[in-house]
Visitor: 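Sharing a structure, written as C-alpha cells. Questions coming.
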Amino acid sequence: MKIMDLDLDPISRIEGHLGVHVKVDNGEYVDAKVGVSMYRGFENLLKGKDLHLAPNIAGKICGVCGATHVLVSTEAIEMASGIYPSPEAIKYRNLAYSLADLMYNNITVAFLFQAIDYSTEIVSKYTPNVYERAKNTSCEFKDVHGYPKISSILDNLYFGKEIYRSAFRLQTAFRDLATAIWLRYPQPLSLKPGSITIRDPSIVEKVKKFMKEDKEIEKLFYIMADLREFFTEYKKIEDDYVTYGLLESDDYDADYESMDMWGAKREFPPALIINGELVEDRLSKILLGVRVYVDNTPYDDWNKEYEKDELGNEIDKRHPWNKETRLKDKIIINNFVPTVKQYYKGKEYMPTTGDIARLYAYRLKKGKIRALGYEWEPRGNTVMERTFARVFTVAYLKEYLQQIEVNNSDLNPRKGKKGYKFAVGAHDAPRGANAHWLVSEGNKILRYQIITPSDRNFSPNRGPVERSIIGQKVTEIEISGLDALRIIRSFDPCSACAVHLEHKNNSIIKLIV
C-alpha cells in the first residue's frame with residue numbers, strides 16, 4: 001500500500017476552526033500535524049485595562065467556553081484584589097458551573113458531536129465488519145436503556161434519531177437551569193469578584209427536583225457504558241495527566257499562599273500524574289511548572305522579566321507570568337497554537353487534560369469513584385475512555401447536585417489577607433486545565449496570559465492528540481480519515497478560544513471581537 005497524505009481541514013462537529021494533516025502507510029497512521037490557523041488576541045486586548053474589566057472581556061473569548069473563562073478570570077481578579085466569595089456564593093457557582101460548563105457541554109459533545117461517528121450510517125459504510133459484529137453483540141446494560149443489541153444503539157445515534165433527540169432535550173434542560181443562575185450563558189452576567197447575583201431564590205430546589213426525577217441521564221450513561229465495552233480498537237497513549245481540579249470548597253479564599261490547601265479541597269482535586277502515578281498534588285507547584293514554547297510558530301520569543309513570585313518561588317522564562325504574546329512581522333507558519341509542557345523534577349511532559357484526568361486524580365487522591373451504581377476503573381488513555389469519562393462526569397454530577405444545600409442569606413464578598421501582583425485563576429474547564437495568569441500594578445493589568453486545555457491537548461511537536469493518532473491502525477475499508485477524526489473529537493477540542501483575528505496573505509484582515 002502506498003503512502004497516503006490526508007488534509008482533514010476544517011474539521012466539523014467541534015468548536016472552532018481546526019485541521020490536521022495525517023500520513024498513512026501500510027494501514028497505519030505514521031504522522032500527524034495539528035494546526036489552528038487563527039490568532040488569539042485577547043491577551044493583548046487586556047493589557048492596560050482596569051482589573052475589574054478582565055472577566056467581562058475574557059468571557060468573550062469563546063461562545064462555548066465563555067462561563068469557564070469568566071470564572072477563571074474572576075478567580076484571578078480575586079487573588080489580585082484580595083477578596084473572595086462566601087460559602088453560599090461558592091455553592092451557587094458550583095451549581096451553575098456543574099450544570100452548564102460540565103453537564104451541558106459533555107452531553108452535547110459526547111452525543112451530538114462524537115456519537116455520530118459511531119452511528120449505523122457511518123459504521124456500516126466505512127467499517128461494515130464492525131456493524132456485523134454489532135448486530136451479534138448483546139448489550140450488557142439493556143435492562144437500563146432498553147436497547148438489546150449494540151447495533152440497535154448504533155441505529156439511533158445519528159442526527160434526529162432517538163438517542164440524539166434524547167441528548168438534545170437533556171442538554172437544553174441543563175442550559176436552561178444554568179442560565180437561571182448565570183443569567184446569561186455563555187458569558188455569565190451574575191458572576192462577579194467576591195460574589196454572585198441570584199434572582200431566583202428557588203433555583204436550588206428546582207435543580208434538585210430535576211436531578212431526582214430525570215431518567216435520561218442514567219439511560220445515556222449506560223448507553224455509553226455499552227459502547228465503551230464494544231469499541232476497543234483504539235490505541236492507548238501514556239497515562240500522563242494534568243488537572244487543576246474542579247468545584248471549590250467552602251475553604252476557598254483566593255489567597256496564593258494558601259492555594260495548596262484550598263485547591264486540595266476541590267471536589268475533584270488537582271494533580272499531575274505520570275505513568276499512572278500521582279507525582280504532584282500541590283496546585284501552586286503544578287502551576288509553576290507550566291512551560292510555553294513558540295518555536296516554529298508565528299509568535300516571537302520574549303525576555304525573562306520576572307525572577308520570583310511574591311512568595312519567593314522562581315518563575316521560569318517560559319512560564320506564563322513571563323510570557324508576552326508577540327506576532328512576528330511576517331507570518332509564514334500558519335499554526336497559532338504554542339507548545340505547552342509541564343515541568344517536573346528536571347523533565348518536561350505533555351500530559352492529557354480533561355475528564356479522564358480528573359477521574360484519575362479523584363481515584364488516586366480520594367479513592368474509588370462511583371456514579372449511578374457504576375464504579376469507574378482506569379483502562380488507559382484511549383478514544384472511548386476519554387469519551388466515557390465525559391459521560392461518567394455527568395452521572396457523578398447528577399448525584400452531586402441532588403445533595404447540594406445552599407443558604408442564600410449571605411452573598412457578600414469577604415476580605416482576604418492581601419492582594420497579589422502576580423495572580424492566577426486556575427480551574428478546570430470541561431475540556432481540562434484552564435488558567436489565566438496576570439501581573440498587575442495598582443488597578444491596571446500589566447500582563448495577561450491564557451493557557452487553555454486545548455492548548456495542551458492540541459500542542460504541536462507531539463502533544464496528546466498527535467501522539468494518539470500516530471501509530472493508530474486504520475479500521476476502515478477505504479481510508480477517509482475517520483479514525484483520526486474520532487481521536488480528535490475524543491479530546492473535545494475548543495479551538496475557538498484562539499479565534500479572534502483572521503489573517504490572509506500575511507496581514508491581519510478581520511477583527512472579530
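Computed from a predicted model, the values in this text were never measured in an experiment.
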Visitor: Do Tyr164 and Ser119 come within less than 4.5 Å of each other through their side chains, counting heavy atoms only?
Guide: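 Result no, sub-4.5 Å side-chain heavy-atom pair not found.
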Visitor: Please list, chain by chain and in numerical order, all residues satisfying salt bridge (Lys or Arg N to Asp or Glu O under 4.0 Å) with Glu385, sequence neighbours excluded.
Guide: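 For Glu385, the residues satisfying salt bridge (Lys or Arg N to Asp or Glu O under 4.0 Å) (neighbours in sequence not counted) are Arg228.
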Visitor: Can the ring centres of Trp321 and Phe422 be said to be less than 6.0 Å apart?
Guide: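 Ring centroids of Trp321 and Phe422 are less than 6.0 Å from each other.
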Visitor: For the pair Gln187 (side chain) and Val70 (backbone), establish whether a donor and an acceptor sit closer than 3.5 Å, ignoring hydrogens and angles.
Guide: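 No; zero donor-acceptor contacts below 3.5 Å.
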Visitor: Just by modelled atom types, is the Asp255 backbone N or O under 3.5 Å from a matching donor or acceptor in the Trp262 side chain?
Guide: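 Such a contact is found between Trp262 side chain and Asp255 backbone.
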Visitor: Any side-chain to backbone donor/acceptor pair from Asp253 onto Tyr84? Under 3.5 Å, distance only.
Guide: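 No; judged by distance alone, with no hydrogens or angles, the pair does not exist.
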Visitor: Over all heavy atoms of both residues, which pair between Met350 and Pro464 is shortest? Give the atoms and the distance, please.
Guide: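 Reported closest heavy-atom pair: O-CG, 3.5 Å.
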Visitor: Tell me which pairs pass salt bridge (Lys or Arg N to Asp or Glu O under 4.0 Å) where either residue lies in residues 473-487, with sequence neighbours left out.
Guide: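 Listed by first then second residue: Glu28-Lys473.
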Visitor: Do we see a donor-acceptor contact under 3.5 Å between the side chains of Ser73 and Tyr448?
Guide: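 Their side chains do contain a donor-acceptor pair, which is all the 3.5 Å distance test asks for.
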Visitor: With a 4.5 Å heavy-atom cut-off, do Pro85 and Ile196 have their side chains touching?
Guide: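 Heavy-atom side-chain distance check fails, nothing below 4.5 Å.
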Visitor: Any side-chain donor-acceptor pair under 3.5 Å between Thr475 and Glu233?
Guide: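 Absent: no donor and acceptor within the cut-off.
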Visitor: Looking at CG of Leu45 and CD1 of Ile57, how far apart are the two atoms once the value is rounded to the nearest 0.5 Å?
Guide: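 Here the rounded value is 7.0 Å.
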Visitor: Among Val424, Thr353, Leu287, whose side chain to side chain contact (heavy atoms under 4.5 Å, CB included) with Tyr244 holds?
Guide: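 The side chain to side chain contact (heavy atoms under 4.5 Å, CB included) with Tyr244 is passed solely by Leu287 among Val424, Thr353, Leu287.
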Visitor: For Tyr420, is the NZ or CZ atom of Lys418 found under 6.0 angstrom from the centre of its six-membered ring and inside 45 degrees of the ring axis?
Guide: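 Relative to the ring axis of Tyr420, which defines the angle, Lys418 lies inside both limits.
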Visitor: Quick one: does any side-chain atom of Arg489 pair with a main-chain N or O of Phe113 as donor and acceptor, under 3.5 Å?
Guide: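 Such a contact is absent between Arg489 side chain and Phe113 backbone.
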Visitor: Over all heavy atoms of both residues, which pair between Leu283 and Ala426 is shortest? Give the atoms and the distance, please.
Guide: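 Heavy atoms only, the tightest pair is CD2-O, 4.5 Å.
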Visitor: Picking from Asn105, Asn457, Thr68, Asp101, what satisfies side chain to side chain donor-acceptor pair (under 3.5 Å) with Arg431?
Guide: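 Exactly one option meets the side chain to side chain donor-acceptor pair (under 3.5 Å) with Arg431, and it is Asn105.
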Visitor: Look at atom NZ of Lys125 and say whether more than 12 heavy atoms of other residues, nucleotides or ligands are closer to it than 6.0 Å.
Guide: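 Incorrect, the count does not exceed 12.
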Visitor: For a 4.5 angstrom cut-off between non-hydrogen side-chain atoms, does Leu272 reach Tyr344?
Guide: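 In contact.
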Visitor: Determine whether a donor-acceptor pair (N or O, by modelled atom type, separation under 3.5 Å) exists between the side chain of Asn44 and the backbone of Thr325.
Guide: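 Yes.
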Visitor: May I ask you to decide if Lys317's main-chain N or O and Trp302's side chain share a donor-acceptor pair within less than 3.5 Å?
Guide: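 A pair under 3.5 Å: yes.
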Visitor: Specify the closest pair of heavy atoms between Arg456 and Ala433, including all atoms of both residues, with the distance to one decimal.
Guide: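 Closest approach of Arg456 to Ala433: NE-CB, 4.1 Å.
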Visitor: I want to check something: taking the side chain as every heavy atom from C-beta on, are Ile107 and Arg175 in contact at a cut-off of under 4.5 Å?
Guide: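 A side-chain contact is absent here, since even the closest heavy-atom pair is not under 4.5 Å.
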Visitor: Spell out, as yes or no, whether a donor-acceptor pair under 3.5 Å connects the side chain of Arg390 to the backbone of Ser490.
Guide: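 It does hold such a pair.
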Visitor: Supply the atom-to-atom distance Ile181 CD1 to Leu191 CG, rounded to the nearest 0.5 angstrom.
Guide: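 One finds 11.5 Å between CD1 of Ile181 and CG of Leu191.
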Visitor: Taking atom OH as the centre, does Tyr126 end up with more than 12 heavy-atom neighbours from other residues, nucleotides or ligands that are less than 6.0 angstrom away?
Guide: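 Not buried by this count: 12 neighbours or fewer within 6.0 Å.
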Visitor: Ignoring hydrogens and angles, state whether a donor on the side chain of Thr352 or Asn381 is under 3.5 Å from an acceptor on the partner side chain.
Guide: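 Checked: Thr352/Asn381 side chains pair up, N/O donor to acceptor below 3.5 Å.
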Visitor: Decide if atom OH of Tyr306 counts as having more than 12 heavy atoms of other residues, nucleotides or ligands within a radius under 6.0 Å.
Guide: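 Buried by this count: over 12 neighbours within 6.0 Å.
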Visitor: Where is the tightest heavy-atom contact between Val337 and Ser459, given as atom of each residue plus distance?
Guide: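 Looking at all heavy atoms of both residues, the closest pair is CG1-CA, 4.2 Å.
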Visitor: Can you check side chain to side chain contact (heavy atoms under 4.5 Å, CB included) on Arg93 and Thr74, steps first, answer last?
Guide: CA-CA 11 Å; Arg93 290 182 182 186; Thr74 297; 3.9 Å; yes
Visitor: Is the closest side-chain donor-acceptor distance between Tyr252 and Glu78 under 3.5 Å?
Guide: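 Yes, Glu78 and Tyr252 have a side-chain donor paired with an acceptor closer than 3.5 Å.
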Visitor: Ignoring hydrogens and geometry beyond distance, is a side-chain donor-acceptor pair present between Asn461 and Tyr293 at under 3.5 Å?
Guide: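 Short answer, no.
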Visitor: Is the backbone of Pro338 close enough, under 3.5 Å, to the side chain of Asp455 for a donor and an acceptor to pair up by distance?
Guide: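 No, the answer is negative, given that no donor and acceptor are paired below the 3.5 Å cut-off.
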Visitor: Any ion pair linking Arg318 and Asp301 (charged N to carboxylate O, less than 4.0 Å)?
Guide: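 Yes, this pair counts.
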Visitor: If we only count heavy atoms from C-beta on, is the Asp117 to Phe231 side-chain gap below 4.5 Å?
Guide: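 Not touching, per the 4.5 Å side-chain cut-off.
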Visitor: Is the shortest side-chain heavy-atom distance between Lys47 and Glu43 below 4.5 Å?
Guide: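 Side chain of Lys47 against side chain of Glu43, heavy atoms only: no contact under 4.5 Å found.
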Visitor: Nearest 0.5 Å, please: how far is CG in Leu246 from CG in Asp428?
Guide: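 Result: 6.0 Å between the selected atoms.
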Visitor: Is Arg462 salt-bridged to Asp31, going by a charged N under 4.0 Å from an acidic O?
Guide: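 So Arg462 pairs with Asp31 through a salt bridge.
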Visitor: How many angstroms lie between atom CG of Leu327 and atom CG of Asp300, to the nearest 0.5 angstrom?
Guide: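 If we round to the nearest 0.5 Å, Leu327:CG and Asp300:CG are 8.5 Å apart.
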Visitor: Any chance you could measure Asp7, atom CG, to Asp5, atom CG, to the nearest 0.5 Å?
Guide: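 Reported value, rounded in 0.5 Å steps: 7.5 Å.
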Visitor: What's the spacing between Arg447 CZ and Asn322 CG if we round to 0.5 Å?
Guide: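 Answer for the CZ-CG pair, Arg447 versus Asn322, is 6.0 Å.
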Visitor: Within the 3.5 Å criterion, strictly below it, is a donor on Tyr343 or Arg291 matched to an acceptor on the partner's side chain?
Guide: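 No.
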Visitor: Minimum heavy-atom separation for Val383 and Ile487, please, with both atom names.
Guide: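 Taking Val383 first and Ile487 second, the nearest heavy atoms are CG2-CG1, 3.5 Å.
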Visitor: Would Tyr97 and His427 count as a close aromatic pair, with their ring centres under 6.0 Å?
Guide: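 Yes, they do, as the ring centres are separated by less than 6.0 Å.
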Visitor: Can a salt bridge be assigned to the pair Lys417 and Glu310 using a cut-off of 4.0 Å between side-chain N and carboxylate O?
Guide: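 A salt bridge is absent here (no side-chain N lies under 4.0 Å from a carboxylate O).
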Visitor: Taking Ser284's backbone N and O only, do any of them form a donor-acceptor pair with Asp260's side chain (distance below 3.5 Å, no angle check)?
Guide: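 A pair under 3.5 Å: yes.
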Visitor: Using modelled atom types and a 3.5 Å cut-off, is there a donor and acceptor pairing between side-chain atoms of Asp309 and backbone atoms of Leu311?
Guide: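 Yes; judged by distance alone, with no hydrogens or angles, the pair exists.
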Visitor: Applying salt bridge (Lys or Arg N to Asp or Glu O under 4.0 Å), can you list everything that pairs with Asp239, at least two apart in sequence or on another chain?
Guide: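 Not a single residue meets the salt bridge (Lys or Arg N to Asp or Glu O under 4.0 Å) criterion with Asp239.
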Visitor: Kindly give the heavy-atom pair with the smallest separation between Pro269 and Lys365, and that separation in Å.
Guide: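 Scanning both residues, the minimum pair turns out to be CG-CB, 3.7 Å.
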